[in-house]
There are 2 protein chains.
Amino acid sequence: MFLLKDLPTSETFKKFKADYPDLDIPRTALFLRLLRVGSDLMTILDAYLRPFGLTHGRWITLILLHREDTHRVVPSVLANKQGVKRATMTNLLDRLERDALVRRVACNQDGRSVQVELTKAGKQKLDEIMPGYYRMVKGLFREIESTTIKEMTQVLDELRRGLKGIE
Amino acid sequence: MFLLKDLPTSETFKKFKADYPDLDIPRTALFLRLLRVGSDLMTILDAYLRPFGLTHGRWITLILLHREDTHRVVPSVLANKQGVKRATMTNLLDRLERDALVRRVACNQDGRSVQVELTKAGKQKLDEIMPGYYRMVKGLFREIESTTIKEMTQVLDELRRGLKGIE
DNA sequence: TGACATTAGTTAGCCAGCTAACAATTTAAT
DNA sequence: ATTAAATTGTTAGCTGGCTAACTAATGTCA
């Protein structure tokens with residue numbers, strides 16, 4: 001999905017600093033690494049999901065449905081929680097419904113709306129996917145100490161709070 | 001570009017842990033945050049670039065050309081450094097050339113190949129973009145201490161080394 | 001030298017996001 | 001009560017990645 005495999009070396013940074021003195025080298029280095037790692041993790045995730053016939057988008061939708069105890073949610077709520085547009089959710093649900101992992105049910109309260117629920121096959125698909133997914137995640141971070149994991153999570157949360165309202 | 005706006009709460013994690021005991025909560029929490037932050041930063045970056053008529057993909061290509069002192073590179077090398085397929089590079093260059101930011105020049109050594117160079121307008125475009133970009137990056141991380149920035153960069157580099165060969 | 005493999009760039013067509021515009025319905029305001 | 005505004009899901013069409021297949025040129029090795 002993204003961006004610049006060859007991160008700048010310190011020589012490259014110096015060259016750019018000469019041209020553009022606003023450059024803050026450590027912060028830009030971190031910025032690029034965050035983009036790079038996010039991109040790499042995404043690629044790994046989608047590669048894991050492909051054999052199950054899913055993309056990360058459709059997989060997340062299944063998970064959001066599984067989160068609900070009722071297992072019934074309205075598409076616009078799903079779109080909000082997932083962070084995609086309603087139109088995108090329509091596509092995701094079309095495909096998931098075609099694959100019989102999800103079912104649309106007419107809603108009695110609101111004539112505009114629809115409710116979506118996980119089918120038995122959908123739950124089964126999650127049961128196939130999740131254990132391997134969790135083991136994969138554990139494996140990706142096996143080299144990193146637990147305290148480091150937690151510190152980093154905190155910093156990222158702080159960063160996310162700062163980011164809110166910008167995008 | 002990606003993924004799950006509503007990260008799981010600790011209740012959600014507990015529910016999933018009950019269903020899927022392989023779940024390592026701290027590592028999964030970090031995994032999701034890295035994806036989330038990468039996605040948010042990407043969105044912010046593309047929003048910054050849009051008024052200049054660029055996407056991050058085309059912008060990176062310009063930067064890679066600017067990195068070269070000769071300012072002349074072959075498309076396949078660009079594709080490798082950027083981490084996209086040659087076919088994608090063809091698209092990027094088509095659009096950049098249409099916008100006169102880049103020029104393709106026939107290569108004498110190798111009849112199959114082409115060389116790409118930044119035009120004056122391309123350099124000028126970078127000069128418009130980069131100072132604001134660097135100030136933006138500085139702003140995004142203003143709340144985070146310098147030592148934290150450096151520690152995090154190191155951890156991400158360690159992580160990236162571990163990721164190599166997986167994707 | 002000649003056959004075969006490899007490499008460079010392109011083309012064509014897929015996919016999953018996006019925005020904009022729409023009809024149907026519900027909600028709010030006077 | 002009626003009109004105006006907002007919301008729901010969908011459709012249509014754009015974008016920027018991707019893979020697969022192609023042509024042209026170059027390298028390799030019997």
Side-chain angles (χ1 to χ4, degrees), chain A residues 1-5 35 38-40 42-47 49-50 53-62 73-99 102-116 167, chain B residues 1-5 35 38-40 42-43 45-47 49-50 53-62 72-99 102-116 167:
Chain A
M1 112 237 179
F2 161 87
L3 184 85
L4 195 52
K5 201 167 90 189
L35 284 167
S39 177
D40 290 346
M42 180 88 95
T43 305
I44 290 170
L45 177 59
D46 271 321
L49 293 173
R50 174 161 315 127
L54 288 180
T55 59
H56 73 263
R58 297 200 294 274
W59 170 69
I60 292 289
T61 307
L62 291 185
V73 198
V74 151
S76 58
V77 170
L78 284 173
N80 273 336
K81 292 196 174 178
Q82 187 155 348
V84 299
K85 297 297 156 189
R86 293 199 318 275
T88 302
M89 186 49 66
T90 297
N91 278 334
L92 293 171
L93 293 175
D94 282 351
R95 177 61 192 274
L96 286 169
E97 196 168 32
R98 207 198 71 189
D99 296 346
V102 136
R103 191 184 304 119
R104 282 178 173 102
V105 190
C107 177
N108 3 13
Q109 277 83 359
D110 188 332
R112 294 166 299 182
S113 200
V114 171
Q115 285 196 316
V116 185
E167 22 174 354
Chain B
M1 110 239 180
F2 161 88
L3 185 83
L4 195 53
K5 201 167 89 187
L35 285 167
S39 177
D40 289 347
M42 180 89 94
T43 304
L45 176 58
D46 271 321
L49 292 173
R50 173 161 313 129
L54 289 179
T55 59
H56 73 262
R58 298 200 294 273
W59 171 69
I60 293 290
T61 307
L62 292 184
R72 275 205 177 188
V73 198
V74 153
S76 56
V77 171
L78 284 175
N80 274 336
K81 293 196 176 179
Q82 188 155 347
V84 299
K85 298 296 157 190
R86 295 201 314 279
T88 303
M89 187 50 66
T90 298
N91 277 335
L92 292 172
L93 292 175
D94 282 353
R95 177 62 192 272
L96 286 169
E97 197 168 31
R98 207 198 71 188
D99 296 346
V102 137
R103 192 183 304 120
R104 282 177 172 103
V105 190
C107 178
N108 2 13
Q109 278 82 358
D110 188 333
R112 294 166 299 181
S113 202
V114 171
Q115 286 196 316
V116 184
E167 25 172 353

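Model, not experiment: these values are computed from the prediction.
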Between B:Arg104 and B:Asp94, is there a salt bridge with N-O shorter than 4.0 Å?
yes
Among the nucleotides C:dA8, D:dG9, D:dT7, which one has an atom lying closest to any side-chain atom of A:Arg112?
D:dT7
Between atom CZ in B:Arg86 and atom C1' in D:dG16, what is the gap in whole Å?
18 Å
Ignoring the backbone of A:Asp110, work out which of D:dT26, D:dG9, C:dT26 is nearest its side chain.
C:dT26
Of A:Leu92, A:Leu93, A:Asp99, the residue whose pairing with A:Arg95 passes side chain to side chain contact (heavy atoms under 4.5 Å, CB included)
A:Asp99
Could you run down the sub-3.5 Å N/O contacts of the protein with nucleotides 2-4 of chain D?
none

Nucleotide nearest A:Arg104 (side chain, heavy atoms from C-beta), chosen from D:dT10, C:dG17, C:dT10:
D:dT10
Would you tell me if any nitrogen or oxygen in the side chain of B:Ser113 comes within less than 4.0 Å of OP1 or OP2 on C:dG9?
yes
Find which nucleotide of DNA chain C each of A:Arg58 and A:Lys85 is nearest to by heavy atoms, and output the residue with the more 5' nucleotide.
A:Arg58
Indicate whether OP1 or OP2 belonging to C:dT7 is found under 4.0 Å from a side-chain N or O atom of B:Ser76.
no
Nearest-Å distance, CE (A:Met89) to P (C:dT19)?
14 Å
Atom CH2 of A:Trp59 and atom C1' of C:dC15 are separated, to the nearest Å, by 19 Å
So, is B:Thr88 near the phosphate of D:dC18, with a side-chain N or O under 4.0 Å from OP1 or OP2?
yes
For B:Gly57 versus B:Gln82, what's the shortest heavy-atom pair and its separation?
O-NE2, 2.8 Å
Between B:Val84 and B:Asn91, does a side-chain contact (heavy atoms from CB on, under 4.5 Å) hold up when you go through it step by step?
CA-CA 11 Å; B:Val84 299; B:Asn91 277 335; over 6 Å; no
Measure CG/A:Leu92 against P/C:dA16 and give the value in whole Å, please.
8 Å
Find out whether A:Pro75 and A:Thr90 are in side-chain contact, i.e. whether some heavy atom of one side chain is under 4.5 Å from a heavy atom of the other.
no
For A:Gln82 and C:dA16, what is the distance between atoms CD and C1' respectively, to the nearest whole Å?
12 Å
Side-chain touch B:Met89/B:Thr61, heavy atoms, less than 4.5 angstrom:
yes
Between C1' on C:dC15 and CG on A:Asp94, what's the gap in Å once rounded to a whole number?
14 Å
Atom CG of A:Leu78 and atom P of D:dT10 are separated, to the nearest Å, by 12 Å
Tell me: CZ of A:Arg95 to P of D:dT10, nearest whole Å?
17 Å
Expected output: side-chain A:Ser39 to main-chain A:Leu35 donor-acceptor under 3.5 Å:
no
